[in-house]
Amino acid sequence: MCYINVDLIKTLRKNKNLSQKELGKLLGISDRAVSRWELGETKPTAKNLSLLSKIFGVSINDFFYESSSKTNNEEIKGMNSLIELYKIGRGPSSSHTIGPERACKIFRDRNKNALKFKAILFGSLAKTGKGHGTDVVIKKTLSPTHCEVEFNIIKTDIPHPNTMELYALGANDIIIDKVQVLSIGGGSLIFNGEQIEHKIVYKETKFSEISKYCKENNLKLYQYVIEKESNNIVEYVKQIWDAMKNSIKKGLQDEGYLPGGLNVRKRAKILFANEHIDETNETKENRLVCAYAFAVGEQNASGETIVTAPTCGAAGVLPAVLLYQQKKHNYSDAKIIEAILTAGLIGNLIKTNASISGAECGCQAEIGTACAMTAAALAELKNLSIDKIEYAAEIAIEHHLGLTCDPICGLVQIPCIERNAVAAMRAINAANLSSFLWGSRKISFDDVVVAMKETGKDILSSYRETSEAGLAKIKLHKF
């Protein structure tokens, strides 16, 4: 699917030292019309695009970009293993740290004789890479070989908001290898148009297809996952659950301030210990679930080890709810693992049919997906039917539609950490609501995933992990 690149219009206008009024005069339109193009509120007509190409001396095709997401069933061949969704790694961002680290390891291993490396970051990687520590991760991964990292915020005709180019250099800085890498969320990568993933293990790519298969074969959703992946996935998820619990444990013990310069105090330990004498069960649940979510979020923001679920920035939602439920109801680890498998299936469907990248579709793709995964996991724990699990996930996504990704200073701290706690509580509400009202629902999970993707594409790029608008513009106060 093609989209008009409004950022390119703005960039080319500024490169020509033209004001919006001056460009409008050349086109025979008002400066307000130009402003609305650049804000993404309206689109230029074919006639105006033709005039723009002449004014700026570029091809009319340069004003379009191709969506990197799959657009129809024919392009989607299947879904990858949950191993590609749940990854253990260091924060603060799956797309900005885990993905680039993984890409550099692959590139380094195939260029062992390189004398020097160079990395050029574009889009969101360029605009928020400093705040996320992308350049630090790249240099550490490619060391001891020297690597130069360049942040290019000018180029906008890129295939994905998280695009980078890696170069291996020989004597006299001759290029001996190069690759274009897209960090598409959750640490997953596309190298020169080819996805670096495990083999496809799921033929079904819609919830409706999976639901039909499970009902015909008398399977629960987690049993479907095991059937497709083999028992190895259970052993893998055991490690995932251990890593999730460990991140909460460490986060609850941590004190001090988060790195990055915002002077954000670590609050998980305070939340966990701040019990009131007359605290109700409902208040206690809220406090503990939020404390667990804060613990993971703060570990992530500190660059410590967490699990992408589905991303680093949204890593606290699923483990917070599952650990609370385990402690409250004494669920076995085996039962929790079943819930994590069901959650992974939901995350995989969203990743395949839409996006889990905040740079591509806003925070609805990250925290919205995490909330949907968690709602489905909780519904699985409660032994709800497949239809009720679907409804729980659908509710969670539906009420995150349009959520922007605008972290202050590009750091995964404000509003990201607090947002994990809010989404955790919303997941609990979604699962409870689904058990009461599933018979009257009107929207399918597949439908709301399509809506999320379309909404994400319509969100202005300045609200998609660029730290250029919204909350990112707020000046912090001391209270």
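Just so you know, these numbers use all the heavy atoms, side chains as well, and skip hydrogens, waters and symmetry mates. Not measured: the values here are computed from a predicted model.
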Which heavy atom of [X] sits nearest to which heavy atom of [Y], and what is that distance?
X	Y	result
Asp135	Gly129	OD1-O, 4.0 Å
Leu252	Tyr292	CD1-CE2, 3.8 Å
Val317	Thr374	CG1-OG1, 3.3 Å
Val412	Pro92	CG2-O, 3.3 Å
Ser81	Glu229	OG-OE1, 2.7 Å
Ser188	Lys351	OG-NZ, 2.6 Å

Would you call [X] and [Y] a salt bridge, using N to O less than 4.0 angstrom?
X	Y	answer
Glu101	Arg90	no
Lys212	Glu209	no
Lys127	Glu468	yes
Lys457	Glu360	yes
Lys249	Glu304	no

Worksheet entry | Residues forming a side-chain contact (heavy atoms from CB on, under 4.5 Å) with Asn232, sequence neighbours excluded |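 Result, side-chain contact (heavy atoms from CB on, under 4.5 Å) vs Asn232: Ser230.
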Discussion item. Under the rule for side-chain contact (heavy atoms from CB on, under 4.5 Å), what residues qualify as partners of Ile443, not counting sequence neighbours?
Written reply: Glu394, Glu398, Asp447, Val448
I'd like to know if the side chain of [X] and the backbone of [Y] have a donor-acceptor N/O pair within less than 3.5 Å.
X	Y	result
Asn432	Ile428	yes
Thr283	Glu279	no
Asn420	Gly316	yes
Ser467	Pro407	yes
Arg426	His399	yes
Asp406	Leu471	yes
Ser94	Thr311	no
His276	Asp278	no
Thr128	Ser124	yes
Asp446	Ser208	yes

Let me confirm one number: the [atom1]-[atom2] distance from [X] to [Y], rounded to the nearest 0.5 Å.
X	Y	atom1	atom2	value
Ile367	Cys405	CD1	SG	10.0 Å
Ile270	Phe294	CD1	CZ	10.0 Å
Met244	Tyr86	CE	OH	5.5 Å
Leu166	Phe191	CG	CZ	6.5 Å
Glu366	Ser357	CD	OG	6.5 Å
Ile389	Tyr222	CD1	OH	10.0 Å

Worksheet item: How far apart are the C-alpha atoms of Lys238 and Glu235, what are their side-chain angles, what is the distance that settles it, and do they pass the salt bridge (charged side-chain N to carboxylate O under 4.0 Å, His left out) test?
Response: CA-CA 5 Å; Lys238 284 180 181 178; Glu235 294 303 314; 3.2 Å; yes
Quick one, [X] and [Y] - any side-chain contact, counting heavy atoms below 4.5 Å?
X	Y	result
Gln223	Asn217	no
Ile350	Ile397	yes
Lys250	Asn246	yes
Lys453	Asn353	no
Asn162	Leu182	no
Trp241	Leu322	yes
Thr308	Leu85	no
Leu125	Thr163	no

Worksheet entry | Given Ile210, Ile346, Leu341, the one that forms side chain to side chain contact (heavy atoms under 4.5 Å, CB included) with Leu221 |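 For Leu221, the side chain to side chain contact (heavy atoms under 4.5 Å, CB included) test succeeds with only one of Ile210, Ile346, Leu341, which is Ile210.
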Fill in: Step-by-step side-chain contact (heavy atoms from CB on, under 4.5 Å) determination, Ser435 to Lys382
CA-CA 9 Å; Ser435 67; Lys382 292 176 178 289; over 6 Å; no
Counting heavy atoms not belonging to [X], are there more than 12 under 6.0 Å from its [atom1]?
X	atom1	result
Phe272	CZ	no
Lys245	NZ	yes
Arg265	CZ	no
Asn192	CG	yes
Asn218	CG	no
Trp438	CH2	no
Lys335	NZ	yes
Ile106	CD1	yes

Fill in: Non-neighbouring partners of Phe122 that pass ring-ring contact (aromatic ring centres under 6.0 Å, His included), sequence neighbours left out
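With sequence neighbours excluded, Phe122 shows a ring-ring contact (aromatic ring centres under 6.0 Å, His included) to no residue whatsoever.
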Item to complete: Not counting sequence neighbours, which residues clear ring-ring contact (aromatic ring centres under 6.0 Å, His included) with His132? List them please.
Response: His96
Discussion item. The criterion is side chain to side chain donor-acceptor pair (under 3.5 Å); which residues satisfy it with Thr455, sequence neighbours excluded?
Written reply: none
Worksheet entry | Val307/Ser247 under side-chain contact (heavy atoms from CB on, under 4.5 Å): CA gap, chis, key distance, verdict | CA-CA 8 Å; Val307 175; Ser247 65; over 6 Å; no
Practice prompt. Begin with the C-alpha distance, continue with both residues' side-chain angles, and end with the deciding distance and a verdict on side-chain contact (heavy atoms from CB on, under 4.5 Å) for Leu437 and Ile395.
Written response: CA-CA 11 Å; Leu437 301 177; Ile395 291 171; over 6 Å; no
Worksheet item: What pairs with Lys220 under salt bridge (Lys or Arg N to Asp or Glu O under 4.0 Å), at least two apart in sequence or on another chain?
Response: none
Item to complete: I would like to know whether Tyr224 and Tyr213 meet ring pair (Phe, Tyr, Trp, His ring centres under 6.0 Å); could you show each step before the answer?
Response: CA-CA 9 Å; Tyr224 164 81; Tyr213 181 91; 5.7 Å; yes
